[in-house]
2 protein chains.
Amino acid sequence: MQVKSVRRSNPERTAEMRARLVAKARRLFVTHGYAATSTPSIVEAAGVTRGALYHHFADKQAIFRAVVEAESEAVAAAIAAADTPGLSARARLLAGAKAYVLAMQAQGRTRLLLIEGPAVLGRDTIREIEGRNGDASLKTGLEEAIAEGTLPRLPIEALTSLLSAMFERAAIDVAEGEPTDNVLAVIAQVLRGLATSEQKA
Amino acid sequence: MQVKSVRRSNPERTAEMRARLVAKARRLFVTHGYAATSTPSIVEAAGVTRGALYHHFADKQAIFRAVVEAESEAVAAAIAAADTPGLSARARLLAGAKAYVLAMQAQGRTRLLLIEGPAVLGRDTIREIEGRNGDASLKTGLEEAIAEGTLPRLPIEALTSLLSAMFERAAIDVAEGEPTDNVLAVIAQVLRGLATSEQKA
DNA sequence: ACTTGCATGCAGGCTGCCTGTTTGTTAAAT
DNA sequence: ATTTAACAAACAGGCAGCCTGCATGCAAGT
(Lines give C-alpha, C1' and ligand atoms only; values in the text may rest on other atoms or scores of the structure.)
Protein backbone atom coordinates (compact mmCIF):
# COMPACT_ATOMS: atom_id res chain seq x y z
CA MET A 1 0.00 0.00 0.00
CA GLN A 2 0.91 3.61 -0.38
CA VAL A 3 3.52 2.64 -2.97
CA LYS A 4 2.55 5.26 -5.46
CA SER A 5 2.48 8.27 -3.18
CA VAL A 6 1.67 10.58 -6.02
CA ARG A 7 1.63 14.30 -5.55
CA ARG A 8 -1.82 15.18 -4.27
CA SER A 9 -3.33 18.40 -3.12
CA ASN A 10 -4.77 18.48 0.36
CA PRO A 11 -8.41 18.54 -0.73
CA GLU A 12 -7.71 15.45 -2.81
CA ARG A 13 -6.03 13.68 0.09
CA THR A 14 -8.93 14.51 2.36
CA ALA A 15 -11.56 13.27 -0.05
CA GLU A 16 -9.69 10.07 -0.81
CA MET A 17 -8.93 9.30 2.80
CA ARG A 18 -12.48 9.94 3.93
CA ALA A 19 -13.88 7.80 1.14
CA ARG A 20 -11.41 5.04 1.92
CA LEU A 21 -12.23 5.04 5.63
CA VAL A 22 -15.97 5.14 4.97
CA ALA A 23 -15.74 2.23 2.52
CA LYS A 24 -13.73 0.06 4.88
CA ALA A 25 -15.90 0.99 7.84
CA ARG A 26 -19.04 0.17 5.89
CA ARG A 27 -17.93 -3.38 5.27
CA LEU A 28 -17.06 -3.92 8.93
CA PHE A 29 -20.25 -2.30 10.24
CA VAL A 30 -22.29 -4.49 7.90
CA THR A 31 -20.58 -7.75 8.78
CA HIS A 32 -20.03 -7.31 12.52
CA GLY A 33 -22.40 -4.54 13.52
CA TYR A 34 -21.61 -1.16 15.04
CA ALA A 35 -20.73 -2.23 18.57
CA ALA A 36 -18.50 -5.11 17.48
CA THR A 37 -16.57 -2.94 15.04
CA SER A 38 -13.58 -1.32 16.71
CA THR A 39 -11.84 1.76 15.42
CA PRO A 40 -8.51 -0.14 15.37
CA SER A 41 -10.08 -2.66 13.01
CA ILE A 42 -11.32 0.11 10.74
CA VAL A 43 -7.99 1.86 10.44
CA GLU A 44 -6.20 -1.46 10.05
CA ALA A 45 -8.42 -2.26 7.08
CA ALA A 46 -7.65 1.16 5.63
CA GLY A 47 -3.92 0.83 6.25
CA VAL A 48 -3.65 3.91 8.44
CA THR A 49 -3.67 4.69 12.15
CA ARG A 50 -6.37 5.92 14.45
CA GLY A 51 -4.90 9.38 14.21
CA ALA A 52 -6.14 9.60 10.66
CA LEU A 53 -9.63 8.48 11.59
CA TYR A 54 -9.97 10.93 14.44
CA HIS A 55 -8.59 13.68 12.28
CA HIS A 56 -11.43 13.30 9.80
CA PHE A 57 -14.24 12.23 12.12
CA ALA A 58 -15.17 13.56 15.54
CA ASP A 59 -15.87 10.15 17.00
CA LYS A 60 -16.94 6.62 16.13
CA GLN A 61 -20.54 7.68 15.68
CA ALA A 62 -19.48 10.30 13.14
CA ILE A 63 -17.97 7.78 10.74
CA PHE A 64 -20.97 5.53 11.16
CA ARG A 65 -23.15 8.47 10.31
CA ALA A 66 -21.08 9.15 7.20
CA VAL A 67 -21.64 5.53 6.14
CA VAL A 68 -25.38 5.84 6.73
CA GLU A 69 -25.61 9.12 4.86
CA ALA A 70 -23.84 7.70 1.82
CA GLU A 71 -26.16 4.71 1.91
CA SER A 72 -29.23 6.86 2.17
CA GLU A 73 -28.17 8.95 -0.77
CA ALA A 74 -27.62 5.85 -2.87
CA VAL A 75 -31.15 4.68 -2.09
CA ALA A 76 -32.62 8.08 -2.86
CA ALA A 77 -30.79 8.16 -6.18
CA ALA A 78 -32.05 4.71 -7.15
CA ILE A 79 -35.62 5.69 -6.35
CA ALA A 80 -35.38 8.98 -8.19
CA ALA A 81 -34.01 7.14 -11.22
CA ALA A 82 -36.97 4.77 -11.20
CA ASP A 83 -39.63 7.45 -10.85
CA THR A 84 -42.14 7.46 -13.66
CA PRO A 85 -44.21 10.63 -13.80
CA GLY A 86 -47.43 10.66 -15.72
CA LEU A 87 -48.91 7.69 -13.96
CA SER A 88 -51.78 7.87 -11.53
CA ALA A 89 -50.84 8.78 -8.00
CA ARG A 90 -51.57 5.28 -6.79
CA ALA A 91 -49.54 3.66 -9.55
CA ARG A 92 -46.64 5.95 -8.79
CA LEU A 93 -46.85 5.05 -5.11
CA LEU A 94 -46.72 1.36 -5.93
CA ALA A 95 -43.86 1.87 -8.37
CA GLY A 96 -42.01 3.92 -5.78
CA ALA A 97 -42.49 1.25 -3.14
CA LYS A 98 -41.16 -1.39 -5.50
CA ALA A 99 -38.16 0.74 -6.40
CA TYR A 100 -37.49 1.31 -2.69
CA VAL A 101 -37.64 -2.37 -1.83
CA LEU A 102 -35.34 -3.24 -4.70
CA ALA A 103 -32.90 -0.46 -3.90
CA MET A 104 -32.72 -1.66 -0.32
CA GLN A 105 -31.47 -5.09 -1.39
CA ALA A 106 -27.87 -3.96 -1.68
CA GLN A 107 -25.74 -5.92 0.76
CA GLY A 108 -26.18 -4.75 4.36
CA ARG A 109 -28.39 -1.83 3.46
CA THR A 110 -31.35 -2.85 5.60
CA ARG A 111 -29.10 -3.47 8.56
CA LEU A 112 -27.41 -0.09 8.23
CA LEU A 113 -30.47 2.03 7.55
CA LEU A 114 -33.27 0.19 9.33
CA ILE A 115 -31.79 -1.79 12.21
CA GLU A 116 -28.58 -0.28 13.51
CA GLY A 117 -29.05 3.26 12.25
CA PRO A 118 -32.02 4.12 14.45
CA ALA A 119 -30.46 2.44 17.48
CA VAL A 120 -27.02 4.00 17.12
CA LEU A 121 -27.89 7.48 15.86
CA GLY A 122 -31.38 7.79 17.25
CA ARG A 123 -34.63 7.96 15.36
CA ASP A 124 -34.51 11.73 15.09
CA THR A 125 -31.14 11.74 13.41
CA ILE A 126 -32.10 8.97 11.02
CA ARG A 127 -35.22 10.87 10.10
CA GLU A 128 -33.13 13.96 9.51
CA ILE A 129 -30.90 11.97 7.15
CA GLU A 130 -33.57 9.94 5.40
CA GLY A 131 -36.50 12.23 5.94
CA ARG A 132 -35.52 14.79 3.39
CA ASN A 133 -35.36 11.99 0.85
CA GLY A 134 -37.71 9.08 1.30
CA ASP A 135 -40.60 10.11 3.48
CA ALA A 136 -40.86 13.56 1.98
CA SER A 137 -41.63 12.28 -1.50
CA LEU A 138 -43.93 9.62 -0.11
CA LYS A 139 -45.82 12.26 1.81
CA THR A 140 -46.29 14.50 -1.20
CA GLY A 141 -47.36 11.51 -3.25
CA LEU A 142 -49.99 10.67 -0.69
CA GLU A 143 -51.13 14.27 -0.50
CA GLU A 144 -51.57 14.34 -4.25
CA ALA A 145 -53.57 11.13 -4.15
CA ILE A 146 -55.81 12.59 -1.45
CA ALA A 147 -56.17 15.81 -3.41
CA GLU A 148 -57.24 13.99 -6.56
CA GLY A 149 -59.69 11.96 -4.51
CA THR A 150 -58.17 8.53 -5.07
CA LEU A 151 -57.28 8.28 -1.40
CA PRO A 152 -59.59 9.00 1.54
CA ARG A 153 -58.84 11.87 3.86
CA LEU A 154 -56.63 10.46 6.58
CA PRO A 155 -54.16 12.11 8.95
CA ILE A 156 -51.27 12.62 6.56
CA GLU A 157 -48.47 12.26 9.10
CA ALA A 158 -49.78 9.00 10.49
CA LEU A 159 -50.57 7.67 7.02
CA THR A 160 -47.10 8.46 5.74
CA SER A 161 -45.41 6.96 8.76
CA LEU A 162 -47.41 3.73 8.79
CA LEU A 163 -47.03 3.15 5.06
CA SER A 164 -43.31 3.83 5.14
CA ALA A 165 -43.04 1.39 8.04
CA MET A 166 -44.70 -1.17 5.81
CA PHE A 167 -42.29 -0.47 2.99
CA GLU A 168 -39.32 -0.71 5.32
CA ARG A 169 -40.46 -4.05 6.67
CA ALA A 170 -41.01 -5.20 3.12
CA ALA A 171 -37.39 -4.39 2.33
CA ILE A 172 -36.20 -6.29 5.40
CA ASP A 173 -38.34 -9.31 4.64
CA VAL A 174 -37.10 -9.51 1.07
CA ALA A 175 -33.52 -9.16 2.27
CA GLU A 176 -34.20 -12.08 4.62
CA GLY A 177 -35.49 -14.32 1.86
CA GLU A 178 -39.19 -13.54 1.46
CA PRO A 179 -40.08 -13.48 -2.25
CA THR A 180 -40.37 -9.96 -3.58
CA ASP A 181 -43.67 -10.78 -5.26
CA ASN A 182 -45.22 -11.71 -1.92
CA VAL A 183 -44.50 -8.44 -0.19
CA LEU A 184 -45.38 -6.43 -3.28
CA ALA A 185 -48.69 -8.26 -3.55
CA VAL A 186 -49.55 -7.24 0.00
CA ILE A 187 -48.45 -3.66 -0.60
CA ALA A 188 -50.46 -3.45 -3.79
CA GLN A 189 -53.51 -4.79 -2.02
CA VAL A 190 -53.18 -2.33 0.84
CA LEU A 191 -52.83 0.61 -1.54
CA ARG A 192 -55.75 -0.62 -3.63
CA GLY A 193 -57.85 -1.14 -0.52
CA LEU A 194 -57.06 2.31 0.78
CA ALA A 195 -58.10 3.81 -2.50
CA THR A 196 -61.35 1.97 -3.06
CA SER A 197 -62.90 1.91 0.39
CA GLU A 198 -64.78 5.05 1.20
CA GLN A 199 -64.07 6.98 4.37
CA LYS A 200 -66.50 5.89 7.05
CA ALA A 201 -68.20 2.53 7.12
CA MET B 1 -29.81 -0.26 52.15
CA GLN B 2 -29.58 -3.83 53.17
CA VAL B 3 -30.45 -2.80 56.73
CA LYS B 4 -33.04 -5.44 57.28
CA SER B 5 -31.08 -8.46 56.10
CA VAL B 6 -33.91 -10.78 56.91
CA ARG B 7 -33.46 -14.51 56.82
CA ARG B 8 -34.13 -15.59 53.27
CA SER B 9 -33.85 -18.89 51.51
CA ASN B 10 -31.59 -19.02 48.52
CA PRO B 11 -34.37 -19.26 45.94
CA GLU B 12 -35.89 -16.16 47.48
CA ARG B 13 -32.59 -14.32 47.40
CA THR B 14 -32.07 -15.28 43.79
CA ALA B 15 -35.52 -14.20 42.70
CA GLU B 16 -35.32 -10.91 44.57
CA MET B 17 -31.84 -10.09 43.37
CA ARG B 18 -32.64 -10.90 39.76
CA ALA B 19 -35.81 -8.84 39.88
CA ARG B 20 -33.95 -5.99 41.53
CA LEU B 21 -31.17 -5.99 38.97
CA VAL B 22 -33.60 -6.25 36.08
CA ALA B 23 -35.69 -3.37 37.42
CA LYS B 24 -32.70 -1.09 37.92
CA ALA B 25 -31.20 -2.06 34.58
CA ARG B 26 -34.48 -1.40 32.83
CA ARG B 27 -34.56 2.19 34.01
CA LEU B 28 -31.00 2.80 32.90
CA PHE B 29 -31.41 1.09 29.53
CA VAL B 30 -34.52 3.16 28.89
CA THR B 31 -33.00 6.48 29.85
CA HIS B 32 -29.48 6.12 28.44
CA GLY B 33 -29.73 3.28 25.95
CA TYR B 34 -27.92 -0.05 25.97
CA ALA B 35 -24.46 1.08 24.93
CA ALA B 36 -24.36 4.02 27.32
CA THR B 37 -25.45 1.91 30.28
CA SER B 38 -22.47 0.40 32.07
CA THR B 39 -22.62 -2.63 34.31
CA PRO B 40 -21.04 -0.61 37.14
CA SER B 41 -23.92 1.86 36.93
CA ILE B 42 -26.45 -0.98 37.07
CA VAL B 43 -24.99 -2.62 40.15
CA GLU B 44 -24.50 0.76 41.81
CA ALA B 45 -28.20 1.46 41.37
CA ALA B 46 -28.97 -1.94 42.84
CA GLY B 47 -26.58 -1.46 45.75
CA VAL B 48 -24.44 -4.51 44.97
CA THR B 49 -21.23 -5.26 43.10
CA ARG B 50 -20.62 -6.59 39.65
CA GLY B 51 -19.98 -9.99 41.16
CA ALA B 52 -23.70 -10.30 41.85
CA LEU B 53 -24.65 -9.30 38.34
CA TYR B 54 -22.26 -11.71 36.68
CA HIS B 55 -23.38 -14.45 39.04
CA HIS B 56 -26.96 -14.19 37.80
CA PHE B 57 -26.37 -13.21 34.17
CA ALA B 58 -23.86 -14.52 31.69
CA ASP B 59 -23.05 -11.11 30.25
CA LYS B 60 -24.44 -7.65 29.67
CA GLN B 61 -26.59 -8.85 26.80
CA ALA B 62 -28.17 -11.46 29.06
CA ILE B 63 -29.55 -8.91 31.51
CA PHE B 64 -30.75 -6.76 28.64
CA ARG B 65 -32.49 -9.81 27.25
CA ALA B 66 -34.12 -10.43 30.64
CA VAL B 67 -35.42 -6.86 30.59
CA VAL B 68 -36.78 -7.29 27.09
CA GLU B 69 -38.41 -10.62 27.92
CA ALA B 70 -40.18 -9.18 30.94
CA GLU B 71 -41.36 -6.27 28.83
CA SER B 72 -42.61 -8.53 26.08
CA GLU B 73 -44.55 -10.65 28.54
CA ALA B 74 -46.17 -7.57 30.01
CA VAL B 75 -47.32 -6.51 26.55
CA ALA B 76 -48.62 -9.97 25.76
CA ALA B 77 -50.56 -10.05 29.01
CA ALA B 78 -52.13 -6.67 28.34
CA ILE B 79 -53.23 -7.76 24.89
CA ALA B 80 -54.57 -11.07 26.10
CA ALA B 81 -56.56 -9.25 28.79
CA ALA B 82 -58.11 -7.00 26.16
CA ASP B 83 -59.06 -9.76 23.76
CA THR B 84 -62.76 -9.92 23.05
CA PRO B 85 -63.79 -13.17 21.41
CA GLY B 86 -67.09 -13.36 19.60
CA LEU B 87 -66.42 -10.41 17.36
CA SER B 88 -65.76 -10.66 13.67
CA ALA B 89 -62.21 -11.47 12.70
CA ARG B 90 -61.66 -7.96 11.38
CA ALA B 91 -63.05 -6.32 14.50
CA ARG B 92 -60.85 -8.50 16.65
CA LEU B 93 -57.84 -7.53 14.60
CA LEU B 94 -58.61 -3.86 15.05
CA ALA B 95 -59.22 -4.30 18.76
CA GLY B 96 -55.99 -6.24 19.07
CA ALA B 97 -54.07 -3.53 17.27
CA LYS B 98 -55.52 -0.89 19.55
CA ALA B 99 -54.69 -2.93 22.64
CA TYR B 100 -51.15 -3.38 21.35
CA VAL B 101 -50.62 0.30 20.68
CA LEU B 102 -51.95 1.20 24.12
CA ALA B 103 -49.93 -1.48 25.88
CA MET B 104 -46.77 -0.20 24.18
CA GLN B 105 -47.20 3.24 25.72
CA ALA B 106 -45.57 2.25 28.98
CA GLN B 107 -42.46 4.33 29.55
CA GLY B 108 -39.56 3.22 27.35
CA ARG B 109 -41.35 0.19 25.98
CA THR B 110 -41.04 1.14 22.32
CA ARG B 111 -37.37 1.89 22.74
CA LEU B 112 -36.68 -1.43 24.43
CA LEU B 113 -38.75 -3.67 22.20
CA LEU B 114 -38.68 -1.91 18.84
CA ILE B 115 -35.52 0.18 18.62
CA GLU B 116 -32.72 -1.21 20.75
CA GLY B 117 -33.95 -4.77 21.06
CA PRO B 118 -33.51 -5.70 17.40
CA ALA B 119 -30.16 -3.92 17.18
CA VAL B 120 -28.69 -5.37 20.38
CA LEU B 121 -30.09 -8.89 20.34
CA GLY B 122 -30.65 -9.29 16.63
CA ARG B 123 -33.91 -9.62 14.79
CA ASP B 124 -33.97 -13.38 15.10
CA THR B 125 -33.72 -13.30 18.88
CA ILE B 126 -36.34 -10.61 19.19
CA ARG B 127 -38.65 -12.61 17.01
CA GLU B 128 -38.03 -15.65 19.19
CA ILE B 129 -39.00 -13.61 22.26
CA GLU B 130 -41.91 -11.71 20.79
CA GLY B 131 -42.87 -14.11 18.07
CA ARG B 132 -44.45 -16.67 20.30
CA ASN B 133 -46.66 -13.90 21.63
CA GLY B 134 -47.54 -11.07 19.32
CA ASP B 135 -47.08 -12.17 15.75
CA ALA B 136 -48.39 -15.67 16.38
CA SER B 137 -51.82 -14.47 17.45
CA LEU B 138 -51.88 -11.88 14.68
CA LYS B 139 -51.07 -14.55 12.14
CA THR B 140 -53.84 -16.89 13.33
CA GLY B 141 -56.26 -13.97 13.35
CA LEU B 142 -55.40 -13.18 9.77
CA GLU B 143 -55.67 -16.82 8.77
CA GLU B 144 -59.12 -16.99 10.30
CA ALA B 145 -60.16 -13.87 8.46
CA ILE B 146 -58.93 -15.35 5.19
CA ALA B 147 -60.66 -18.63 5.96
CA GLU B 148 -63.98 -16.93 6.60
CA GLY B 149 -63.56 -14.95 3.40
CA THR B 150 -63.39 -11.47 4.93
CA LEU B 151 -59.79 -11.09 3.82
CA PRO B 152 -58.39 -11.83 0.36
CA ARG B 153 -55.90 -14.64 -0.11
CA LEU B 154 -52.51 -13.09 0.36
CA PRO B 155 -49.12 -14.57 1.33
CA ILE B 156 -49.72 -15.03 5.03
CA GLU B 157 -46.12 -14.51 6.14
CA ALA B 158 -45.72 -11.27 4.25
CA LEU B 159 -49.14 -10.04 5.28
CA THR B 160 -48.47 -10.74 8.95
CA SER B 161 -45.07 -9.11 8.83
CA LEU B 162 -46.16 -5.95 7.03
CA LEU B 163 -49.21 -5.44 9.22
CA SER B 164 -47.23 -5.99 12.41
CA ALA B 165 -44.68 -3.48 11.12
CA MET B 166 -47.54 -1.02 10.76
CA PHE B 167 -48.72 -1.69 14.29
CA GLU B 168 -45.23 -1.29 15.66
CA ARG B 169 -44.76 2.03 13.92
CA ALA B 170 -48.14 3.09 15.22
CA ALA B 171 -46.96 2.40 18.76
CA ILE B 172 -43.78 4.39 18.18
CA ASP B 173 -45.64 7.33 16.66
CA VAL B 174 -48.09 7.50 19.55
CA ALA B 175 -45.22 7.30 22.03
CA GLU B 176 -43.65 10.24 20.18
CA GLY B 177 -46.77 12.37 20.42
CA GLU B 178 -48.95 11.46 17.46
CA PRO B 179 -52.59 11.29 18.57
CA THR B 180 -53.76 7.73 19.08
CA ASP B 181 -56.90 8.40 17.08
CA ASN B 182 -54.87 9.33 14.02
CA VAL B 183 -52.88 6.12 13.82
CA LEU B 184 -55.92 4.02 14.69
CA ALA B 185 -57.88 5.71 11.93
CA VAL B 186 -55.23 4.74 9.42
CA ILE B 187 -55.05 1.19 10.74
CA ALA B 188 -58.82 0.84 10.62
CA GLN B 189 -58.87 2.11 7.08
CA VAL B 190 -56.16 -0.29 5.96
CA LEU B 191 -57.93 -3.26 7.54
CA ARG B 192 -61.25 -2.20 6.07
CA GLY B 193 -59.67 -1.70 2.68
CA LEU B 194 -58.02 -5.07 2.76
CA ALA B 195 -61.30 -6.70 3.61
CA THR B 196 -63.54 -5.00 1.07
CA SER B 197 -61.38 -4.93 -2.01
CA GLU B 198 -61.53 -8.11 -3.97
CA GLN B 199 -58.38 -9.94 -4.97
CA LYS B 200 -57.36 -8.87 -8.43
CA ALA B 201 -58.27 -5.55 -9.96
C1' DA C 1 12.49 32.30 -6.52
C1' DC C 2 13.02 31.79 -1.80
C1' DT C 3 12.00 31.51 2.80
C1' DT C 4 9.21 32.47 6.51
C1' DG C 5 5.09 31.23 9.00
C1' DC C 6 0.88 28.88 9.53
C1' DA C 7 -2.48 25.17 8.56
C1' DT C 8 -3.44 20.52 7.44
C1' DG C 9 -2.79 15.39 7.50
C1' DC C 10 -1.53 11.92 10.10
C1' DA C 11 1.29 8.77 13.58
C1' DG C 12 1.89 7.08 18.14
C1' DG C 13 1.26 7.04 22.85
C1' DC C 14 -1.48 7.96 27.20
C1' DT C 15 -5.53 7.78 30.22
C1' DG C 16 -9.65 6.32 31.90
C1' DC C 17 -13.33 3.22 31.49
C1' DC C 18 -15.63 -1.03 30.63
C1' DT C 19 -16.39 -5.96 30.03
C1' DG C 20 -15.64 -10.62 31.25
C1' DT C 21 -12.99 -13.78 34.30
C1' DT C 22 -11.07 -15.55 38.35
C1' DT C 23 -10.25 -15.97 43.05
C1' DG C 24 -11.78 -15.49 47.70
C1' DT C 25 -15.36 -15.25 51.52
C1' DT C 26 -19.77 -15.95 53.74
C1' DA C 27 -24.06 -18.16 54.34
C1' DA C 28 -27.33 -21.69 53.19
C1' DA C 29 -28.44 -26.55 51.92
C1' DT C 30 -27.79 -31.60 52.60
C1' DA D 1 -19.25 -31.45 58.13
C1' DT D 2 -19.11 -30.97 53.28
C1' DT D 3 -20.71 -29.12 49.58
C1' DT D 4 -22.80 -25.67 46.98
C1' DA D 5 -24.88 -21.21 46.06
C1' DA D 6 -24.55 -16.03 46.56
C1' DC D 7 -21.88 -12.49 46.37
C1' DA D 8 -17.32 -9.41 46.78
C1' DA D 9 -13.06 -7.94 45.06
C1' DA D 10 -9.17 -7.96 42.40
C1' DC D 11 -7.28 -8.88 37.63
C1' DA D 12 -6.59 -8.89 32.59
C1' DG D 13 -7.33 -7.43 28.26
C1' DG D 14 -9.41 -4.06 24.94
C1' DC D 15 -11.32 0.18 23.36
C1' DA D 16 -12.58 5.21 22.84
C1' DG D 17 -11.14 9.71 22.92
C1' DC D 18 -7.42 13.05 23.56
C1' DC D 19 -2.98 15.05 23.03
C1' DT D 20 1.56 15.75 21.38
C1' DG D 21 4.76 15.70 17.72
C1' DC D 22 6.33 15.43 12.99
C1' DA D 23 5.96 16.07 8.03
C1' DT D 24 3.92 17.96 4.22
C1' DG D 25 1.07 21.43 1.73
C1' DC D 26 0.09 26.27 1.25
C1' DA D 27 0.13 31.43 1.23
C1' DA D 28 2.46 35.83 1.75
C1' DG D 29 6.18 38.82 1.91
C1' DT D 30 10.65 40.11 -0.02
Side-chain angles (χ1 to χ4, degrees), chain A residues 1-25 28-29 31-68 116 119-122, chain B residues 1-25 27-29 31-67 116 119-122:
Chain A
M1 305 290 182
Q2 202 74 5
V3 184
K4 310 184 73 172
S5 175
V6 210
R7 280 281 174 131
R8 290 171 302 178
S9 73
N10 272 346
E12 283 172 346
R13 290 177 71 179
T14 295
E16 287 173 16
M17 178 60 80
R18 276 187 60 105
R20 180 177 184 77
L21 285 170
V22 167
K24 298 299 185 181
L28 291 168
F29 284 143
T31 50
H32 303 110
Y34 177 80
T37 298
S38 66
T39 54
S41 73
I42 295 173
V43 298
E44 184 193 347
V48 291
T49 67
R50 296 177 62 249
L53 196 161
Y54 277 88
H55 176 73
H56 290 285
F57 300 95
D59 51 20
K60 191 183 166 186
Q61 263 199 33
I63 190 173
F64 181 75
R65 182 184 174 129
V67 170
V68 167
E116 302 234 329
V120 173
L121 301 175
Chain B
M1 305 289 180
Q2 199 77 1
V3 184
K4 309 185 73 173
S5 175
V6 209
R7 281 282 174 129
R8 289 170 302 179
S9 73
N10 271 347
E12 282 172 348
R13 288 177 70 181
T14 296
E16 287 173 17
M17 179 60 79
R18 276 187 62 104
R20 181 176 184 78
L21 286 170
V22 166
K24 298 299 185 182
R27 172 176 291 268
L28 291 168
F29 284 143
T31 50
H32 304 110
Y34 177 80
T37 298
S38 66
T39 54
S41 73
I42 295 173
V43 298
E44 184 193 347
V48 291
T49 67
R50 294 176 62 249
L53 196 162
Y54 277 88
H55 175 71
H56 290 286
F57 301 94
D59 51 20
K60 191 182 165 185
Q61 264 199 32
I63 190 174
F64 180 76
R65 183 184 173 130
V67 170
E116 302 235 327
V120 173
L121 301 175

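Each chain gets a letter, A, B and so on, in the order the sequences are listed, and its residues count up from 1. Worth knowing before you read on, the calculation uses all heavy atoms, side chains too, and leaves out hydrogens, waters and symmetry mates.
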Report the distance from atom [atom1] of [X] to atom [atom2] of [N], rounded to the nearest whole Å.
| X | N | atom1 | atom2 | result |
| --- | --- | --- | --- | --- |
| A/Phe57 | D/dG17 | CZ | C1' | 16 Å |
| A/His55 | D/dT20 | NE2 | P | 17 Å |
| A/Glu44 | D/dG14 | CD | P | 13 Å |
| A/Lys60 | D/dC15 | NZ | P | 9 Å |
| A/Gln61 | D/dG17 | CD | C1' | 13 Å |
| A/Leu28 | D/dC15 | CG | P | 12 Å |
| A/Leu53 | D/dA16 | CG | P | 10 Å |
| A/Tyr34 | D/dC15 | OH | P | 14 Å |

CD/B/Gln61: more than 12 non-hydrogen atoms of other groups inside 6.0 Å: yes

Flag, side chain of A/Lys60 to backbone of A/Tyr34, donor-acceptor distance under 3.5 Å: yes

Side-chain donor or acceptor of A/Ser41 paired with backbone N/O of A/Thr37 under 3.5 Å: no

Spacing of A/Asp59 atom CG and A/Thr39 atom OG1 [to the nearest 0.5 Å]: 10.5 Å

Any base atoms under 4.0 Å from [X], or only sugar-phosphate, or nothing? Heavy atoms, all strands.
| X | result |
| --- | --- |
| A/Thr39 | sugar-phosphate |
| B/Ser38 | sugar-phosphate |
| A/Ser41 | nothing |

First of A/Thr37 and A/Gly51 reached from the 5' end of DNA chain D, by closest nucleotide: A/Thr37

Shortest side-chain distance from A/Arg13, nucleotide among C/dT19, C/dG9, D/dA8: C/dG9

Nearest-nucleotide pick for B/Val48, side chain only, options being C/dA11, D/dA8, C/dT21: D/dA8

Any donor-acceptor N/O pair under 3.5 Å between D/dG17 base and A/Arg50 side chain: yes

Closest approach of B/Phe57 to B/Leu21 (non-hydrogen atoms, all atoms of both residues): CE1-CD1, 4.1 Å

Phosphate OP1/OP2 of C/dC10 contacted by A/His56 side-chain N/O (<4.0 Å): yes

